[in-house]
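Values below: all heavy atoms of this structure, side chains included; hydrogens, waters and symmetry mates excluded.
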Amino acid sequence: MRDMVNKEVEKMKENFKDILVASFYKETQVNRSIHSSIRDGKIIDVNKYKNFLLNSIRRLRKLVDDFSIKNSDIRREIKELAEKTGVSIGQSQKVINVYLKVYCLLKDSSLEIIKELDCPLDSTTMEKKQKMKNVLTMEDYINWQNKFERDFGIRLLRDNEYDSNRMDISFKNR
């Protein structure tokens, strides 16, 4: 009986990690951005994108759990997701980077792991200069990440402004 309960709890844990992907997909409004691209004439199979996204995050999550994730792994998954599904690099990176940020922070990952992460690109981090769907090349994406690293030392720290704004909006009386 105890083994069965342990297996069920482990299954719940894995399912929860995957459910976060769905939650971040909705929360980051990537779906809205993708549908805007479809209206602009791009052919994107949203279900294919979501399945590839989930598999990309599962591979990256395993690397985090094995303490072996490298920035090149993240960027490779972002590039492949965009190439295989027709979404832009900006759309491809958003859920991956948000998920890894939350997952690694909740896991209390080491600074070495945190340094490997990229900052999610959005209107806040990009200073309202561009929309994520318009980040079309890895070169554009890397240029933003290099700017964040120059300005903040660790790319992910650029997202503090977004987090602070979110806290202010969500908990006005804190």
Side-chain angles (χ1 to χ4, degrees), residues 18 20-22 24-105 109 111-163:
D18 287 348
L20 285 175
V21 178
F24 293 141
Y25 175 77
K26 184 176 181 181
E27 178 73 18
T28 60
Q29 300 183 9
V30 169
N31 190 44
R32 191 170 84 178
S33 176
I34 289 173
H35 279 84
S36 169
S37 294
I38 291 170
R39 283 191 301 276
D40 292 343
K42 283 194 91 175
I43 298 171
I44 300 169
D45 180 335
V46 176
N47 289 325
K48 179 180 176 183
Y49 166 78
K50 290 194 293 190
N51 286 322
F52 275 79
L53 173 66
L54 178 60
N55 289 325
S56 289
I57 288 177
R58 284 176 173 165
R59 285 188 293 273
L60 292 167
R61 186 172 66 216
K62 182 174 179 355
L63 295 174
V64 169
D65 293 344
D66 293 343
F67 307 101
S68 64
I69 194 162
K70 297 292 178 209
N71 185 261
S72 58
D73 299 316
I74 298 165
R75 292 179 181 182
R76 182 183 63 250
E77 290 289 347
I78 290 168
K79 185 177 181 198
E80 287 180 12
L81 181 61
E83 288 172 351
K84 290 178 180 177
T85 63
V87 301
S88 72
I89 293 294
Q91 291 162 327
S92 177
Q93 64 81 35
K94 184 64 176 185
V95 178
I96 289 173
N97 284 331
V98 169
Y99 184 94
L100 289 173
K101 170 190 165 184
V102 171
Y103 188 70
C104 291
L105 292 175
S109 293
L111 185 56
E112 288 75 29
I113 298 272
I114 300 299
K115 287 179 179 179
E116 297 297 325
L117 304 181
D118 280 337
C119 180
L121 297 182
D122 56 37
S123 63
T124 301
T125 60
M126 296 165 65
E127 302 159 353
K128 308 221 184 293
K129 292 180 181 174
Q130 196 171 17
K131 292 182 179 180
M132 71 177 165
K133 81 173 191 173
N134 296 330
V135 177
L136 301 176
T137 67
M138 282 305 291
E139 183 180 0
D140 290 341
Y141 175 78
I142 290 168
N143 286 339
W144 279 105
Q145 298 301 329
N146 288 343
K147 178 185 181 339
F148 300 154
E149 190 167 358
R150 279 191 311 273
D151 293 349
F152 296 91
I154 295 174
R155 292 177 296 276
L156 190 59
L157 290 177
R158 174 61 183 105
D159 217 24
N160 270 338
E161 181 182 352
Y162 175 86
D163 295 343

Practice item. Could you tell me whether the side chain of Ser92 and the main chain of Ile78 form a donor-acceptor pair under 3.5 Å? Key: yes
Review point. Is there side-chain contact between Val135 and Lys94, with heavy atoms separated by less than 4.5 Å?
Key: no
Check your understanding: Step by step, would you call Leu53 with Thr85 a side-chain contact (heavy atoms from CB on, under 4.5 Å)?
Key -> CA-CA 9 Å; Leu53 173 66; Thr85 63; over 6 Å; no
Study note, to complete from the structure: Correct closest heavy-atom pair for Val30 and Gln91 would be CG1-O, 4.1 Å
Point to revise | Heavy-atom check, side chain of Asp159 versus side chain of Pro120, under 4.5 Å | key: yes
Check your understanding: Roughly how far, to the nearest 0.5 Å, is the CG atom of Leu117 from the CG atom of Leu60?
Key -> 10.0 Å
Check your understanding: Can you tell if the side chain of Val64 reaches within under 4.5 Å of the side chain of Cys104, non-hydrogen atoms only?
Key -> yes
Point to revise | Gap separating the CZ atom of Arg59 from the CG atom of Leu54, nearest 0.5 angstrom | key: 9.5 Å
Study note, to complete from the structure: So CD1 of Ile34 and NZ of Lys50: to nearest 0.5 Å the spacing works out to 9.0 Å
Point to revise | Check: Tyr49/Asn31 side-chain N/O donor and acceptor closer than 3.5 Å | key: no
**Study point:** More than 12 heavy atoms of other groups within 6.0 Å of Ile43 CD1
**Key:** no
Practice item. Provide the closest heavy-atom pair for Ser109 versus Ile114 in the form atom of the first, atom of the second, distance. Key: O-CG1, 4.0 Å
Exercise for review: Could you tell me whether Tyr99 and Tyr103 have their ring centroids closer than 6.0 angstrom?
Suggested key: yes
Check your understanding: To the nearest 0.5 Å, what is the distance between NE2 (His35) and CD (Gln29)?
Key -> 13.5 Å
Review point. Can Asp18 and Arg61 be said to form a side-chain contact (heavy atoms from CB on, under 4.5 Å), step by step?
Key: CA-CA 10 Å; Asp18 287 348; Arg61 186 172 66 216; 3.0 Å; yes
Review point. Is atom CD of Glu139 surrounded by more than 12 heavy atoms (other residues, nucleotides or ligands) closer than 6.0 Å?
Key: no
Practice item. Quick one: which residue pairs count as a side-chain hydrogen bond (donor to acceptor under 3.5 Å, both in side chains) with a foot in residues 144-157, not counting sequence neighbours? Key: Asp118-Arg155, Gln130-Trp144, Lys147-Asp151, Glu149-Arg155
Review point. Can any side-chain N or O of Ser56 pair as donor or acceptor with the backbone N or O of Phe52 at less than 3.5 Å?
Key: yes
Point to revise | 4.5 Å side-chain heavy-atom contact, Asn55 and Arg58 | key: yes
**Study point:** Flag side-chain contact, heavy atom, 4.5 Å: Val46 against Ile38
**Key:** yes
Check your understanding: Do Ile74 and Leu100 touch side chain to side chain, with heavy atoms closer than 4.5 Å?
Key -> yes
Review point. What's the shortest heavy-atom distance between Arg75 and Asn71, and which atoms?
Key: NE-OD1, 2.7 Å
Revision key, fill the gap. Residues Lys42 and Gly86: closest non-hydrogen pair is NZ-O, 2.6 Å
Exercise for review: Check for a donor-acceptor pair, side chain of Gln93 on one end and backbone N or O of Leu121 on the other, with a separation under 3.5 Å.
Suggested key: yes
Practice item. Show the numbers, then the answer: is there a side-chain contact (heavy atoms from CB on, under 4.5 Å) between Asp122 and Thr125? Key: CA-CA 5 Å; Asp122 56 37; Thr125 60; 3.3 Å; yes
**Study point:** Interatomic spacing from CD1 in Ile69 to NZ in Lys62 - rounded to 0.5 Å
**Key:** 12.0 Å
Check your understanding: Quick one: does Leu156's side chain get under 4.5 Å of Asn97's, heavy atoms only?
Key -> no
**Study point:** Check: Arg76 and Asp73 side chains under 4.5 Å, non-hydrogen atoms
**Key:** yes
**Study point:** Gap between atom SG of Cys119 and atom CE of Met126 - 0.5 Å precision
**Key:** 10.5 Å
Exercise for review: Go through the steps to decide whether Ile89 and Asp140 satisfy the test side-chain contact (heavy atoms from CB on, under 4.5 Å), and finish with yes or no.
Suggested key: CA-CA 9 Å; Ile89 293 294; Asp140 290 341; over 6 Å; no
Exercise for review: Compute whether any side-chain donor of one residue and acceptor of the other, for Glu161 and Thr124, lie under 3.5 angstrom apart.
Suggested key: no
